[in-house]
Amino acid sequence: MAKKKIIPQSKLKKVNPSGKQDQSFFEQVYEIVRQIPSGRVTSYGAIAACLGTKLSARMVGWALNGTDKINPTVPAHRVVNRVGLLSGKFHFKPPGKMERLLKGEGVLVKDDTVVGFSEKFWDPGSNVLM
DNA sequence: ACCATGACTAGAA
DNA sequence: CTTCTAGCCATGG
């Protein structure tokens, strides 16, 4: 019995008897983040809003806390706060990897903040085509 | 059930 | 402009 599990994937089995939300809050966040196209970024609030709980943007960030160890890889580096600040850069294995990944996708990062955030912003519920 | 924490956000001073 | 307060929901002790 694991004493510490960052990602409660085990709890993913805790489905609702009502048959509504089969997946936990985390997995929903993971799927949204994985839908973020390269070179695009989004905010925690946008993801939370897409899930229906826009007021729980904190949970989104918290869910991404273990995206580094789950599989498949989740581009958490494309998720920033509402102002485009890489608030979670320190949560990456090597701090700065987040910024490096963004630059690798064509997203310029200045002072830990995404340049042209409004232009590169991608709405998770707007359109998956892009 | 209660309290504390958290990669947030919006509003007020 | 900066700084603080309050609300928010989910998880863990």
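Lettering of chains follows the sequences in order, A, B, ..., and the numbering in each one begins at 1. These numbers were taken from a predicted model, which means no experiment stands behind them.
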Could you tell me how far apart [X] ([atom1]) and [N] ([atom2]) are, to the nearest whole angstrom?
X	N	atom1	atom2	value
A:L64	B:dT5	CG	P	22 Å
A:K89	B:dA7	NZ	C1'	13 Å
A:Q28	C:dT11	CD	P	11 Å
A:L102	B:dA7	CG	C1'	13 Å
A:N81	C:dC8	CG	C1'	17 Å
A:L51	C:dC8	CG	P	18 Å
A:F117	B:dA7	CZ	P	18 Å
A:K69	B:dA7	NZ	C1'	13 Å

Mind checking the C1' distance from B:dA7 to C:dG13? Whole angstroms is fine.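 Nearest-Å result for B:dA7 against C:dG13 at atom C1': 22 Å.
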Considering only side-chain heavy atoms of [X], which listed nucleotide, [options], is closest?
X	options	answer
A:L55	C:dC8, B:dT9, C:dA10	C:dC8
A:R82	B:dA10, B:dA7, C:dC9	B:dA10
A:F25	B:dA7, C:dA10, B:dT9	C:dA10
A:H91	C:dA10, B:dA7, B:dT9	B:dA7
A:T67	B:dA7, C:dC9, B:dT9	B:dA7
A:W62	B:dA7, B:dT9, C:dT11	C:dT11
A:F26	B:dA7, C:dC9, C:dT11	C:dT11

Atom NZ in A:K110, atom CD in A:E99: separation rounded to 0.5 Å?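 Output value for this atom pair is 10.5 Å.
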Between the CD1 atom in A:I36 and the CD1 atom in A:I47, the distance rounded to the nearest 0.5 Å is 5.0 Å
Checking all strands, does A:A76 fall into the base, sugar-phosphate, or nothing category for heavy-atom contacts under 4.0 angstrom? base
Result for side-chain contact (heavy atoms from CB on, under 4.5 Å) between A:V114 and one of A:L108, A:V83, A:L85, A:V107 points to A:V107
Please verify the inter-ring angle class for A:Y30 with A:F26; under 30° counts as parallel, over 60° as perpendicular, anything in between as tilted. parallel
Quick check: do A:R78 and A:P37 have side-chain heavy atoms less than 4.5 Å from each other?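 No, side chains not in contact.
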